[in-house]
Protein chains: 2
Amino acid sequence: MTVQTSGNTSAAESVSGAAKKTRKSEKTRRKILDAAAYCLNHQGYALISMQTIAEHINIRAASIYYYFDNKDDLVDEVLRIGMEVVFDKVRDAVESLDADATCRERVEAATLAHLTALLDYGDYTSANIRNFSLVPMELRRNNLAVRRAYANFWRELFEHGRQSGEINADVDLTLTRLLLIGGINWSTDWYNPRKLPVEQISKEVCRIFFDGVAAPPTSQDPV
Amino acid sequence: MTVQTSGNTSAAESVSGAAKKTRKSEKTRRKILDAAAYCLNHQGYALISMQTIAEHINIRAASIYYYFDNKDDLVDEVLRIGMEVVFDKVRDAVESLDADATCRERVEAATLAHLTALLDYGDYTSANIRNFSLVPMELRRNNLAVRRAYANFWRELFEHGRQSGEINADVDLTLTRLLLIGGINWSTDWYNPRKLPVEQISKEVCRIFFDGVAAPPTSQDPV
DNA sequence: GTCTATAAATCGATAGAC
DNA sequence: GTCTATCGATTTATAGAC
């Protein structure tokens, strides 16, 4: 209310941050993005309107156009953030493991991080996953680069496990990866945090994928 | 160009079929549903308009209202068909197996049928899966009954396997089911029929879920 | 930076001719 | 059954006051 109202507002906080204080401009921009992510997640693309987004943060729809050229640019940024935040969390989780961590430990950490970003971290991530296939082609195309990089990260995770002999040699790793990520992405539809915490979910998910659900032979051969 | 132009079109083909010929009325109704399913799948709810749907089959938007009271009723029926066609195919596939078929064989047949319905059968199924969570609450509620019944079918499939000792006793069957269905539902995003046919996909999916991807111990304990 | 006011387009849905 | 014409509501986006 005193210093940082309008005068020497400078630099953004997101990239190559210079100043330390968030400008009011940046704050409002973030609030718009948050509201857009919320609406996108709960109502879906094209069901959301600029007016609805604006109402959530008590501004007028016209004000949004001071920050974003049009609706698609706004949605585009929400989707981008949604995918990047997952990627960042997952990469951080895996890279913070010991260098000699097993493939299973890495996949488990990645699964937990992905699940956490998806369920706890909220609307950006869910908005991306739920809306990607329904969004105009151009927005999809813009989002593809990050998605490919993320897919590659997982691919390397599994291929590392294969090279170390931890994963069966004749298993389809691409299918494994798509099944795992697809399965946990779906969790936004059924997950109930009061039934099972994310830590247990990710542990159990990896148990299913690594060990399988088939019961081991009941009695060993009498050798 | 001669006989079957307009005259004696009669009776519906769908339920409790009486006559053998499809009325023009029913034919147009089906064409509208097809177009709606296509648009719903490729553009998503609320991005589709009655006009777009009408254009796909060369009629005027107003004509749709002769067959459906409003847009939501039309969407509702597309979603219902989408879920029912999967359920029907999967149930048929499982029930056509031998009575002494193993749990794994049943799950494999169910997976193949689900995948086939999803990928071959087309827009109705995908439209349901992709739009369910984004559609207005009332439409969701209408679709829940079929979805619950379908989920129960899978649940029994797995619980049967547990009771027969085929599935590990301490595996979370609910999570297994959700992971499996979620994973293959996601396949509409990545599946390429020229890379791997559905039969191989479903076989490999079941192998991953039943046996796991972990490599077996390389050398047995020297006992 | 945020607002009011409004232009321009599009949507769902209805009325009524044919 | 399908059409044209249109109403009324809502949308994105812009213009300009403050």
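Reminder, nothing fancy here: chain letters follow the sequence lines and each chain counts from 1.
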Side-chain N,O (B:Thr28) to OP1/OP2 (D:dG1) below 4.0 Å: no
Spacing between B:Ile48 atom CD1 and C:dG12 atom C1', to the nearest angstrom: 12 Å
B:Asn152 versus B:Arg155, side-chain donor and acceptor atoms under 3.5 Å: yes
Electrostatic pair B:Arg141-B:Glu138, nearest N-O below 4.0 angstrom: no
Residue mapping more 5' on DNA chain D - nearest nucleotide basis, A:Thr52 or A:Asp69: A:Thr52
Shortest side-chain distance from B:Ser49, nucleotide among C:dG1, D:dT2, C:dG12: C:dG12
Pairwise side-chain contact, A:Leu179 with B:Phe209, heavy-atom cut-off 4.5 Å (strictly under): yes
Separation of atom CZ in B:Phe68 from atom C1' in C:dG12, rounded to whole Å: 16 Å
Distance test, side-chain N/O of A:Gln51 to OP1/OP2 of D:dT12, below 4.0 Å: no
Nearest-Å distance for atom pair CZ/P, residues B:Arg60 and C:dC18: 18 Å
Closest nucleotide among C:dT14, C:dT2, C:dG1 to the A:Ser25 side chain: C:dG1
Presence of B:Ser63 side-chain N/O under 4.0 Å of D:dG1 phosphate oxygens OP1/OP2: no
Nucleotide C:dT2, atom P - distance to CD of A:Glu55 in whole Å: 17 Å
Gap between atoms CD1 and P, on A:Ile64 and D:dT11 respectively (whole Å): 12 Å
Distance, rounded to the nearest Å, where A:Met50 contributes CE and C:dT6 contributes P: 21 Å
Short side-chain N/O contact from B:Tyr66 to OP1 or OP2 of D:dT2, under 4.0 Å: no
A:Tyr65 OH to C:dA5 P, straight-line distance once rounded to whole Å: 19 Å
Partner residues of A:Asn41 under the side-chain hydrogen bond (donor to acceptor under 3.5 Å, both in side chains) criterion, sequence neighbours left out: A:Asp123
Contacts of type side-chain hydrogen bond (donor to acceptor under 3.5 Å, both in side chains), residue A:Arg60, not counting sequence neighbours: none
side-chain N/O A:Tyr67 vs C:dT2 OP1/OP2, d < 4.0 Å: yes
Spacing of A:Lys31 atom NZ relative to C:dG1 atom P, expressed in whole Å: 13 Å
